[in-house]
Engineer: 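Sharing a structure below in structure tokens format, with a few things to ask.
Within every chain, numbering begins at 1; the chains are lettered A, B, ... in the order of the sequence lines, protein sequences first and strands thereafter. Atoms considered below: every heavy atom in the structure, side chains included; atoms not considered: hydrogens, waters and symmetry mates.
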Protein chains: 2
Amino acid sequence: MMELTRKGDYAIRGIVYLASQPPNKISLLSEIAAAVDVPQTFLAKIFQQFSKTGIVKSFRGTGGGFLLAGPPEEITLLQVVEAVEGPILPNRCVLKAGECERDVSCTVHPVWHQVQQKVRGILANITLKDLATN
Amino acid sequence: MMELTRKGDYAIRGIVYLASQPPNKISLLSEIAAAVDVPQTFLAKIFQQFSKTGIVKSFRGTGGGFLLAGPPEEITLLQVVEAVEGPILPNRCVLKAGECERDVSCTVHPVWHQVQQKVRGILANITLKDLATN
DNA sequence: GGTAACAGGACTTGACAAGTCTTTTGCTGC
DNA sequence: GCAGCAAAAGACTTGTCAAGTCCTGTTACC
Ligand code: SF4
Ligand code: SF4
């Protein structure tokens, strides 16, 4: 259980590659895809999401490509994962009250909340700088 | 992401109900299903798995039903979850080396290991006694 | 032997993961 | 302003798996 999808894994690979490049060096999608071994068309979708949430910047046309939107030490793994996978929800009742009609008196409910907090804590403390290879 | 399936949630509901009953009181599947609001045929599958992994005992025929295989304080939530959902794997590379060809030099790999350890730690520290309602 | 209960297997339905393909939009540079 | 480059967007495919249902078998009690 609790499996990250390929999309999530690919997303991390791709953005870590960006973080490993010299600052302000624009990378082509084709270049990233080849480097991290992900189908280019699939990676395109992922980077579109990144672009929409604002953690990477994109440029079209000749000389275009992708660039991190901020310094690697300010982008956390949590941001990256939640950008493509959505919020971390060990169980659906964590999302909001009322999702499960038993939540008012459920003794298990707090456990999932705790799991969510812990996982978020781990991911939030890791930045792209920690992951980049130089 | 990281969502527990319904099966997992139902499994917990069911076994917590068992843990909330007086010791040695055999419960019928129909009774459990009604109490925790789960389709009986689906819950049957779940309890078959419990029975096979040995965390509940089952009895057939007249007067049959289900019983916890041990005292509630000795059965952890981790055992329950892994019995029906399989091992906790935040990413497939955690399972064993070689699942991902990039794992030798992957800087992200240890993160998932850490997540797995933390989650397992939380679940292993909660027993059915903690969850039972009396 | 009949009935009460769990065990096991086959099957269904829908959603969603993991892509692919095609078209459109925007940019740069001659 | 046109050519060509590169990302954006959307429609489509394929396979797997979650979430059940249904039917038949097996075991135990009386
Ligand atoms: S843990 Fe409790 S509140 Fe959450 S979905 Fe399960 S039964 Fe509902
Ligand atoms: S985290 Fe690294 S080793 Fe694990 S699956 Fe992703 S790329 Fe492979």
Engineer: State whether the side chain of A:E85 and the backbone N or O of A:T5 hold a donor-acceptor pair below 3.5 Å, judged by distance alone.
Structural biologist: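 Pair found, side chain donor or acceptor close to backbone of A:T5.
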Engineer: Rounding to a whole Å, what distance do you find between B:E3:CD and C:dA17:P?
Structural biologist: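 The distance from CD of B:E3 to P of C:dA17 comes to 10 Å, rounded to the nearest Å.
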Engineer: Testing the basics here: between B:Q21 and B:S27, what is the closest heavy-atom pair and its distance to 0.1 Å?
Structural biologist: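 Minimum heavy-atom contact is CG-OG, 3.8 Å.
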Engineer: Only counting residues at least two apart or in another chain, list the ones meeting side chain to side chain donor-acceptor pair (under 3.5 Å) with A:D9.
Structural biologist: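 In terms of side chain to side chain donor-acceptor pair (under 3.5 Å), with neighbours along the sequence ignored, A:D9 is linked to A:R13, B:N91.
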Engineer: Please check: side-chain N/O of A:S20 versus main-chain N/O of A:V16, any donor-acceptor pairing under 3.5 Å?
Structural biologist: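 Yes, the answer is positive, given that a donor and an acceptor are paired below the 3.5 Å cut-off.
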Engineer: Can you tell which of B:L18, B:V56, B:V80, B:L131 makes a side-chain contact (heavy atoms from CB on, under 4.5 Å) with B:I75?
Structural biologist: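 Going through the options one by one, the only one that passes is B:V80.
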Engineer: On DNA chain C, check which nucleotide each of A:R6 and A:T62 is closest to and give me the residue with the more 5' one.
Structural biologist: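 Counting from the 5' end, the first nearest nucleotide belongs to A:R6.
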Engineer: Using side-chain heavy atoms (C-beta onward) and a distance below 4.5 Å, is A:T53 in contact with A:Q79?
Structural biologist: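 No - every pair of side-chain heavy atoms lies 4.5 Å or more apart.
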Engineer: Between A:Q116 and A:I88 (side chain of the first, backbone of the second, donor and acceptor by atom type, cut-off under 3.5 Å), is there such a pair?
Structural biologist: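 Here the side-chain-to-backbone pair exists.
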Engineer: Evaluate the criterion side chain to side chain contact (heavy atoms under 4.5 Å, CB included) for residue pair B:K118 and A:V119; output intermediate values, then yes/no.
Structural biologist: CA-CA 8 Å; B:K118 279 283 179 191; A:V119 174; over 6 Å; no
Engineer: Near DNA chain C, which residues from residues 19-30 of chain B have a heavy atom under 4.0 Å away?
Structural biologist: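 Hits under 4.0 Å, by residue number: B:L28, B:L29.
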Engineer: Quickly work out the B:E31 CD to C:dA5 P distance and round it to whole Å.
Structural biologist: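 The answer, rounded to whole Å, is 11 Å.
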Engineer: Would you say a side-chain N or O of B:Y10 is under 4.0 Å from OP1 or OP2 of D:dG20?
Structural biologist: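 So the side-chain polar atoms of B:Y10 do come within 4.0 Å of the phosphate oxygens OP1 or OP2 of D:dG20, strictly under.
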Engineer: Hey, does the side chain of B:T5 come within less than 4.0 Å of D:dC17's phosphate (OP1/OP2), counting only N and O?
Structural biologist: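 So the side chain of B:T5 is outside the cut-off, no N or O lying under 4.0 Å from OP1 or OP2 of D:dC17.
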Engineer: For the base of C:dT25, is there a side-chain donor-acceptor partner from A:R60 under 3.5 Å away?
Structural biologist: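 Side chain to base: pair found, below 3.5 Å.
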Engineer: Which whole-number value in Å describes the distance from A:K52 NZ to D:dA7 P?
Structural biologist: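 Taking NZ of A:K52 and P of D:dA7, I get 16 Å after rounding.
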Engineer: Please state how far atom CZ in A:F66 lies from atom C1' in D:dA6, giving the value in whole angstrom units.
Structural biologist: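 Roughly 9 Å, once rounded to whole Å.
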Engineer: Taking B:A124's backbone N and O only, do any of them form a donor-acceptor pair with B:T76's side chain (distance below 3.5 Å, no angle check)?
Structural biologist: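 No; judged by distance alone, with no hydrogens or angles, the pair does not exist.
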Engineer: Residues from residues 36-51 of chain A sitting under 4.0 Å of DNA chain C, heavy atoms only?
Structural biologist: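 DNA chain C contact set from residues 36-51 of chain A: A:P39, A:T41, A:F42, A:K45.
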Engineer: Atom CG of B:D9 and atom C1' of D:dA19: how far apart are they, to the nearest Å?
Structural biologist: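 Going from CG in B:D9 over to C1' in D:dA19 covers 13 Å.
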